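As structure tokens, the structure follows; a few thoughts come after it.
From a predicted model like this one, the values you see are computed outputs, not experimental measurements. Order of the sequence lines sets the chain letters (A, B, ...), proteins ahead of strands, with each chain counted from 1.
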Amino acid sequence: MAEQVSNVTHKYLRPKKTFPNVWCPGCGIGIAMGALIRAIDTLELDRNEVSIVSGIGCSARIPVYLDFNTLHTTHGRAIAFATGVKLGNPRLHVIVISGDGDLLAIGGNHFIHTARRNIDITCILINNYIYGMTGGQYSPTTPFAKNASTAPFGMVEQSFDPSDLAISSGATYVARGTVYHASQLSRLISQAIQHKGFSFVEVIANCHTQYGRLNREGSAVKMIQWQKECAVPVSTAAKMSPEELEGKFVIGKLHEVFRPEYVSEYQKTIDRFSREEKSDQQLQES
Amino acid sequence: MAEQVSNVTHKYLRPKKTFPNVWCPGCGIGIAMGALIRAIDTLELDRNEVSIVSGIGCSARIPVYLDFNTLHTTHGRAIAFATGVKLGNPRLHVIVISGDGDLLAIGGNHFIHTARRNIDITCILINNYIYGMTGGQYSPTTPFAKNASTAPFGMVEQSFDPSDLAISSGATYVARGTVYHASQLSRLISQAIQHKGFSFVEVIANCHTQYGRLNREGSAVKMIQWQKECAVPVSTAAKMSPEELEGKFVIGKLHEVFRPEYVSEYQKTIDRFSREEKSDQQLQES
Amino acid sequence: MADAEEVEIKKKKWKRRPDPVVIYKKWCKTCNICIEMCPKNVFDTDRDGYPVVSRGLDCTQCTICWMHCPEFAITSNEK
Amino acid sequence: MADAEEVEIKKKKWKRRPDPVVIYKKWCKTCNICIEMCPKNVFDTDRDGYPVVSRGLDCTQCTICWMHCPEFAITSNEK
Amino acid sequence: MAEVETNQKKKRPFYKENVPLLMQGNEACALGALAAGCRFFAGYPITPSTEIAEMLSRLLPMFGGRFIQMEDEIASIAAVIGASIAGAKAMTSTSGPGYSLMQENLGYAYMTEVPCVIINVMRGGPSTGLPTKVAQGDVMQSKWGTHGDYFPIVLMPSSVKECFYYTVKAFNLSEKYRMPVTLLSDEVLGHMREIVNLPPPDELEIVTVSKPFEPPEWYKHFEVTPDYLSPMASFGEGYRFHLTGLTHDEYGFPTAKRNEIITKLEKLRLKTARHLDELTDVLVEMMDDAHIMVVAYGSTARAARQAIRIARKKRFKVGLIQPRIMWPFPDKIVREYLENVDLVIVPELNQGQVIREVKRLRQRHIRIIGLNRFDGELITPQQIVEKIKEERH
Amino acid sequence: MAEVETNQKKKRPFYKENVPLLMQGNEACALGALAAGCRFFAGYPITPSTEIAEMLSRLLPMFGGRFIQMEDEIASIAAVIGASIAGAKAMTSTSGPGYSLMQENLGYAYMTEVPCVIINVMRGGPSTGLPTKVAQGDVMQSKWGTHGDYFPIVLMPSSVKECFYYTVKAFNLSEKYRMPVTLLSDEVLGHMREIVNLPPPDELEIVTVSKPFEPPEWYKHFEVTPDYLSPMASFGEGYRFHLTGLTHDEYGFPTAKRNEIITKLEKLRLKTARHLDELTDVLVEMMDDAHIMVVAYGSTARAARQAIRIARKKRFKVGLIQPRIMWPFPDKIVREYLENVDLVIVPELNQGQVIREVKRLRQRHIRIIGLNRFDGELITPQQIVEKIKEERH
Amino acid sequence: MKKVEEGDGRYEIRLSGSGGQGLVLAGVILAEALGVYEGKNVTQTQSYGPEARGGTSRSDIVVSQGEIYYPKTTELDLLLCLTQESCDGYFGDLKEEGILIVDSDRVRQLPIQRAYSLPFINTARDKVGTPVVANVVSLAAVAAISGICSRESIEKAVLDRAPRGTEEKNKLASDLGFELGSEARRIRDERKVSFTD
Amino acid sequence: MKKVEEGDGRYEIRLSGSGGQGLVLAGVILAEALGVYEGKNVTQTQSYGPEARGGTSRSDIVVSQGEIYYPKTTELDLLLCLTQESCDGYFGDLKEEGILIVDSDRVRQLPIQRAYSLPFINTARDKVGTPVVANVVSLAAVAAISGICSRESIEKAVLDRAPRGTEEKNKLASDLGFELGSEARRIRDERKVSFTD
Ligand SMILES: Cc1ncc(C[n+]2csc(CCOP(=O)(O)OP(=O)(O)O)c2C)c(N)n1
Ligand SMILES: Cc1ncc(C[n+]2csc(CCOP(=O)(O)OP(=O)(O)O)c2C)c(N)n1
Ligand code: SF4
Ligand code: SF4
Ligand code: SF4
Ligand code: SF4
Ligand code: SF4
Ligand code: SF4
Ligand SMILES: [Mg+2]
Ligand SMILES: [Mg+2]
């Protein structure tokens with residue numbers, strides 16, 4: 001009855017070794033993973049030429065379930081590994097999956113620099129406002145005054161706006177979606193993959209087990225519904241005042257510009273010299 | 001004839017152990033150091049309560065010449081050390097001196113996070129667009145297509161705008177100056193020190209030995225004069241089109257806002273509990 | 001009458017087929033997301049908390065449930 | 001005449017004093033910044049490249065030279 | 001976190017004196033730190049050490065101290081060193097991956113002689129390895145992890161009670177010797193609960209770094225004293241000194257002069273080498289008549305202590321050496337006991353680390369063998385007994 | 001940089017075969033890398049290694065390779081590992097502080113069995129230390145620097161020529177054993193110029209990791225073969241495998257099963273342990289009748305080679321053991337020679353590191369002493385000769 | 001308390017079931033009762049990690065009059081199982097003469113005859129009104145059956161950890177558990193001969 | 001070439017002066033001349049680091065027919081000094097019988113009588129037109145005086161490194177240096193007795 005199965009995501013899973021997955025029941029990460037798969041499927045990429053790279057965290061567990069070239073690296077370093085993968089074999093579509101701790105705390109430097117270089121990599125941030133895997137410590141996106149296991153009296157630090165940071169670091173495609181808006185999310189991810197240059201998609205996801213528990217935000221379902229309430233599409237947001245936007249967040253494509261992309265720029269140097277090489281047998285120090 | 005000496009900077013030097021300094025003749029770092037000293041002098045800070053912290057690089061050599069509480073740490077980590085110094089003794093005025101490699105390459109993460117926290121530290125970036133100390137490798141501020149010893153065919157990466165990055169990371173005071181505009185620079189630095197929260201001053205400085213040599217930009221004097229030509233005050237810039245601003249940079253105070261400052265926010269928690277402590281001898285897990 | 005007819009057709013259609021969506025219980029973690037998000041209220045829960053298709057006829061194959069199942073435990077039967 | 005007078009006064013003033021600015025040669029690295037930046041063209045160079053005050057009378061104590069000396073090698077004599 | 005299990009929360013006292021309290025090793029470390037006077041913690045969460053951070057995030061502000069979660073482990077140890085320089089007793093806690101990341105800045109602290117405490121709650125390695133399982137794979141790393149020569153002090157407790165007392169001791173030694181002290185705990189110790197009777201804090205011997213008494217002009221931050229320990233001023237106390245990771249003179253200013261370099265680098269060695277008596281802390285059991293010596297440490301020593309008792313009942317003359325200060329290694333004691341035995345067994349939760357140190361001290365042919373387990377579980381007493389039997393079949 | 005001195009620039013050939021060329025050790029490393037097939041370099045500048053990066057930034061694009069300067073050393077080694085996984089021979093170069101920072105990700109590469117080469121041009125430590133001076137302070141770190149158990153291969157050349165050949169060898173071993181290989185050079189070697197006759201690249205033996213031939217469905221990335229070496233597919237070749245730093249099964253999927261864990265971690269040990277013959281590379285000089293043995297390595301071996309010749313003239317029966325593969329340590333050879341000597345001198349540019357390994361192999365009472373220098377200068381032949389005289393006064 | 005070969009009065013207990021049944025907390029309470037209120041030496045351990053997320057959950061207690069060297073369990077003197085899965089998985093760790101206690105509704109397949117099969121969960125649900133306190137019920141029963149810990153100590157330890165406002169329910173759960181346990185023990189004592197077959 | 005106790009034909013040279021005088025390059029050229037064009041073994045080293053920035057600069061060459069074990073200099077056979085400072089600083093490293101060559105205008109205080117004091121810098125400035133080539137002038141003189149390297153090899157090595165368009169000047173500098181050196185050596189050879197007092 002294989003024909004019967006029409007959930008396209010299943011084509012891309014590694015069911016034997018890895019399922020059921022490690023995530024808590026209702027965790028938004030799985031929904032985001034589905035959106036990613038559908039984006040790749042839509043683009044009809046050769047799965048042998050797709051590489052998914054992650055660091056450490058609940059979100060970072062995504063690659064193991066996916067039947068691509070997958071790389072589960074060290075905490076925070078996924079983007080730096082991904083840069084090597086891309087340069088080692090520029091034909092690959094390289095996609096990084098990361099959590100807010102992984103990408104923005106320990107991995108923040110690699111994030112801003114990779115954005116700066118505008119290398120053709122797509123980076124997906126699963127932002128659940130907390131360190132899920134280690135048990136609910138605060139992250140650089142935990143909002144001011146919210147609770148975390150290491151902020152027992154409320155967060156006293158300010159938080160990042162990851163998309164803002166991406167833009168001013170140099171990312172040339174930036175979008176935000178939620179797991180509630182799962183089909184829009186697929187579209188944003190596929191735009192990001194198609195974009196030539198560093199593209200970034202922030203996905204608002206629920207971690208009810210840690211963030212939800214510590215902040216009494218209820219079940220997975222409740223947290224996902226909260227996303228619906230607070231999300232404002234880009235077009236609507238354009239007409240709203242800052243006060244009206246207070247406590248909301250904007251979803252959709254936030255930013256797209258075109259600047260020289262790193263791999264192609266570097267290729268120009270290579271091409272120059274391989275031409276010269278042909279004409280000039282003995283290589284010269286220039 | 002000590003009376004005769006009226007160069008106020010001399011009051012703050014450690015002449016015996018450390019002079020003449022290590023910098024190349026004409027290096028802009030010395031000028032920036034003078035501006036820093038005059039800023040501190042103007043504010044009449046108790047020198048026992050000033051701490052200057054740096055990483056590694058030519059710029060990072062500043063502290064050793066200054067008669068304050070000085071800390072020359074590891075490459076890129078100055079801001080993280082400084083955070084500890086500030087929290088270990090919040091009475092101290094903590095000032096970080098850093099180069100573009102130190103602060104923005106290896107140290108980029110500490111930079112954006114410290115800005116995010118909005119902790120009351122002042123950070124001065126000596127931006128000379130290159131790694132001076134190690135001999136002219138490209139840095140995150142080396143402009144596209146410029147030469148460096150590791151970009152022998154021209155820089156293929158995009159570069160950061162450090163002040164932009166500071167703003168979107170959360171810095172609450174951001175300014176830019178040059179060593180040519182040395183007295184304005186002093187003023188900006190003293191504003192930055194006075195500002196409560198994370199303040200950032202970018203100083204455009206000349207490294208003729210490396211950047212200048214590799215890009216044929218001439219002597220120290222020539223490079224300093226270039227600063228004069230390209231700098232546009234904030235007020236003038238406001239009236240200019242992006243095209244007119246092409247190839248120029250804006251100097252002056254770029255950004256100032258007020259947000260809860262980390263040390264004071266944390267202090268509130270401490271105060272709350274020290275009050276409780278008085279009333280309740282046996283501490284309770286809350 | 002048209003409505004009634006449609007329902008008839010649907011009924012026939014579904015008679016020949018199993019449920020419009022299938023839940024793979026081995027992967028399902030009973031998070032309830034499908035149940036709550038289904039706009040047509042197709043699901044009920046069994047006593048162990050697993051979703052069961054109770055009103056299969058109402059399903060419009062809107063994709064919402066399987067797109068939001070974090071466990072990849074829902075499969076559409078509509079090809 | 002006022003001008004001439006002023007010059008006279010200046011001259012007297014400076015007669016009683018040493019140069020308006022003093023170069024500490026041990027620290028000076030002959031970078032030329034002071035020489036080039038002085039708006040009054042007060043300095044010349046000696047044969048080793050060190051700045052020497054040649055037109056001290058013209059100095060307005062504008063602070064530019066010592067503010068820009070990277071070596072802290074210039075001291076004003078004006079208290 | 002402790003909280004996960006005690007989520008039916010309630011206000012409970014966390015420090016009661018002289019009554020039995022049930023607590024985890026990680027909690028005992030946190031309380032030990034507080035008792036020792038720790039007033040600053042900077043860290044980054046990592047299993048299985050996180051409870052230490054979580055507990056201190058709650059308790060430190062109550063004592064006027066500060067907790068901060070930094071952006072990574074590099075920043076954490078940097079902040080700890082900075083705070084210590086500014087006068088606060090400071091610590092961090094982590095596990096293998098974080099400990100690896102801290103190595104560069106740890107070297108800085110050794111070089112600049114800044115006291116601080118690092119707790120590494122070991123888990124299975126290498127790399128991410130087995131995050132929730134026990135191992136003792138970082139023992140050699142704690143001696144050789146950063147570049148260049150340095151001479152660390154590393155403690156290894158083996159019970160929850162020792163987690164408390166050795167954390168206090170870590171601070172005391174750190175302050176006295178002005179250097180980072182690492183406490184190597186492990187996943188089992190960290191998460192295990194045992195009964196501890198906490199002493200009244202004022203009954204604990206607490207050491208704080210000695211302060212200079214001379215006027216600032218005379219003060220040398222790294223003065224070479226007869227015992228190689230120099231008084232330490234903090235930032236803000238009027239001594240405006242300079243610190244650098246470059247080789248430096250006694251004042252702290254960078255130097256490239258040969259004699260000053262040698263003075264400095266030898267000082268780093270001599271300050272432990274000249275105090276080996278104080279820096280030897282070994283539990284010796286049943287060694288008087290032993291022909292077989294077990295050398296075990298940390299959690300593994302618990303199994304060994306049971307094993308030698310079982311083996312004695314089976315008439316094997318076996319004893320135990322348990323270094324509780326692992327580095328500097330207790331050369332003298334181990335060498336002495338090596339004289340009298342003909343078999344040494346070194347059970348370790350790794351593929352053979354400390355056994356190399358024991359072999360290094362061998363001066364004649366003796367059989368020295370390892371018993372190595374690295375699947376994330378403890379070595380059992382039975383395994384050690386079996387090994388003894390096997391060797392003496 | 002080379003350029004700084006040759007700033008009267010001119011187009012000069014950088015690789016001429018079979019004619020004497022004057023070059024620095026760092027340049028020889030860069031050329032060795034190219035000759036070995038290196039096509040990716042990611043690094044971060046640091047004295048005294050920077051010339052390697054600078055030279056490769058110029059040369060790699062000429063060969064269709066890629067150079068990238070990353071934001072720090074952590075990113076550098078990460079990118080190197082990533083590129084290697086994607087199929088490029090890859091390397092980085094650094095010095096102590098950078099090597100410390102790379103430790104966590106090095107552990108990842110050991111765990112995931114990814115080939116790559118790291119050149120550490122050693123300078124004075126600890127910490128920032130003496131950035132422009134020679135030292136051999138990172139030898140033990142190269143064995144124990146990251147957390148958990150791992151079994152590294154580390155090479156130590158002692159001339160510019162060896163810088164070339166041992167870089168090639170580093171790549172070859174790295175590919176064969178599928179693991180990071182560290183080449184420990186030092187400031188003197190790196191900056192010293194000597195004459196090298198470069199071989200025609202096609203005369204060099206170049207090893208490239210073996211590729212799987214089975215279909216993707218059957219492929220096990222970490223298959224335990226009889227020789228413990230598994231063929232390696234790269235990303236993009238149709239084998240869609242998974243890599244993780246968690247303990248994993250032969251396919252690469254995370255595992256917590258005891259037998260799979262043990263299989264994996266033992267494989268890491270056995271793949272070197274089962275090939276000790278190939279992994280032993282020791283220069284032995286004048287040991288046949290020696291009563292005194294000098295164990296020296298890297299730059300220090302140069303002085304030792306001269307010293308034993310001087311001492312022989314003075315009728316001291318002295319010989320030299322120079323490990324050029326430092327790790328795995330050549331236990332067998334050293335142990336053998338220890339049988340016949342009664343004095344061992346271990347000159348090192350540190351406070352005593354490799355001497356511990358020599359002592360570890362001692363089975364009877366022999367005098368083993370160090371000759372340690374750590375002021376940023378080389379040990380001279382005269383110092384070694386003096387030491388011998390002193391001992392045999 | 002039974003002596004084991006090497007220990008001086010060492011006694012090993014495992015409380016097992018599925019995650020969410022509160023057995024880790026029960027283990028902590030038992031350890032506290034034994035260690036804090038009865039002055040015994042005690043160690044409590046549990047398994048962390050992937051297994052801990054889903055599936056079975058366990059909490060091990062070693063108790064002894066003397067010093068406890070090896071802190072983990074090796075051979076169990078007593079095993080409590082609230083699910084079939086945990087019973088299947090851990091039964092092998094029980095000593096030959098060890099005590100097996102199971103929930104009568106969740107564990108249908110008993111590996112041995114001489115087990116105490118008692119309705120902990122149903123008792124909690126039916127008599128206290130919430131299955132959440134099944135851990136306390138079974139904990140008290142364990143104490144009663146093994147005789148390793150006094151009723152008072154268990155009660156104190158339970159109330160110590162009970163959240164404000166739940167004291168009554170927990171007290172009730174503890175009482176019910178003790179009754180279940182004592183009754184079961186009484187029956188066993190009576191049938192002594194046939195029971196230890 | 002003179003034999004030293006332990007070496008087989010080992011000869012040690014130091015070229016010293018101040019930073020910017022191009023002596024490191026001169027050392028590289030000399031090493032290249034010896035190694036590449038004369039087929040000798042050679043090592044060239046220099047000091048890096050803080051000292052290298054300001055102050056004195058030096059380049060050391062060890063040359064030998066046989067294998068060079070220890071690559072650094074220990075006792076110099078020949079020392080060239082283009083500044084007083086470098087002469088003061090390094091003279092102590094010269095062997096008793098070693099050759100000292102100095103710039104006659106920059107080194108006024110000679111530590112020993114039997115030194116070659118020649119006007120390298122002035123020759124470069126006055127006869128070639130730029131002091132920049134003083135390094136080549138002195139390099140050629142060193143070769144001529146020591147006899148360690150042929151004129152052809154030096155010339156080839158110099159031209160090899162000379163930037164495009166500067167070949168002539170460098171050739172001239174080399175010629176002048178050789179003449180200076182040969183002449184001085186001739187004089188010394190003539191005055192042999194009195195010279196080696
Ligand atoms: C070097 C290092 N430090 C710390 C950790 C522990 N750690 C694992 S995941 C994680 C945070 C995960 O948070 P996030 O990236 O937000 O992912 P989430 O679990 O929320 O999806 C931490 C701190 C580690 N594995 N390695
Ligand atoms: C961990 C580490 N990596 C690399 C270095 C080498 N290093 C020293 S300074 C420097 C760059 C300095 O550049 P910048 O910060 O711009 O300072 P500048 O010298 O230009 O003032 C580098 C790469 C180091 N000391 N430590
Ligand atoms: S802890 Fe949070 S992020 Fe992690 S799997 Fe559970 S719900 Fe998801
Ligand atoms: S190298 Fe550049 S930055 Fe460094 S001292 Fe010289 S001029 Fe200044
Ligand atoms: S496809 Fe849509 S209507 Fe049908 S069951 Fe799923 S959510 Fe409900
Ligand atoms: S969404 Fe998926 S996991 Fe959740 S209840 Fe429905 S089928 Fe089960
Ligand atoms: S103070 Fe002004 S006018 Fe006087 S010398 Fe200096 S720059 Fe010239
Ligand atoms: S600016 Fe200072 S260093 Fe430069 S020439 Fe003038 S006095 Fe000398
Ligand atoms: Mg998260
Ligand atoms: Mg710079």
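With contacts defined as side-chain heavy-atom distances shorter than 4.5 Å, the pair A:K268/B:F153 does not qualify. Side-chain atoms of B:D161 and A:S168, non-hydrogen and from C-beta on, never get closer than 4.5 Å to each other.
Contacts of residues 77-98 of chain A with chain B at a heavy-atom distance below 4.5 Å are absent; not one residue qualifies. Contacts with chain B (heavy atom to heavy atom, under 4.5 Å) involve these residues of residues 108-118 of chain A, listed by number: A:G108, A:N109, A:I112, A:H113, A:R116, A:R117, A:N118.
The structure places CD of B:E265 at 11.5 Å from CE of A:M155, a figure rounded to the nearest 0.5 Å. Put simply, CD1 on B:I167 and CG on A:D164 are 11.0 Å apart, with the number rounded to the nearest 0.5 Å.
In this structure, no portion of A:I119 lies under 4.5 Å from any heavy atom of chain B. Interface residue A:T269: only side-chain heavy atoms are found under 4.5 Å from chain B.
Between chain B and the residues A:Y262, A:Y266, A:F160, the most heavy-atom pairs under 4.5 angstrom are made by A:F160. If you tally non-hydrogen atom pairs under 4.5 Å between each of B:G170, B:G107, B:S159, B:G154 and chain A, the highest count goes to B:S159.
Every pair passing salt bridge (Lys or Arg N to Asp or Glu O under 4.0 Å) that includes a residue from residues 121-149 of chain A is listed here, sequence neighbours excluded: A:K146-A:E217.
By the ring pair (Phe, Tyr, Trp, His ring centres under 6.0 Å) test, B:F198 pairs with no residue at all, sequence neighbours left out.
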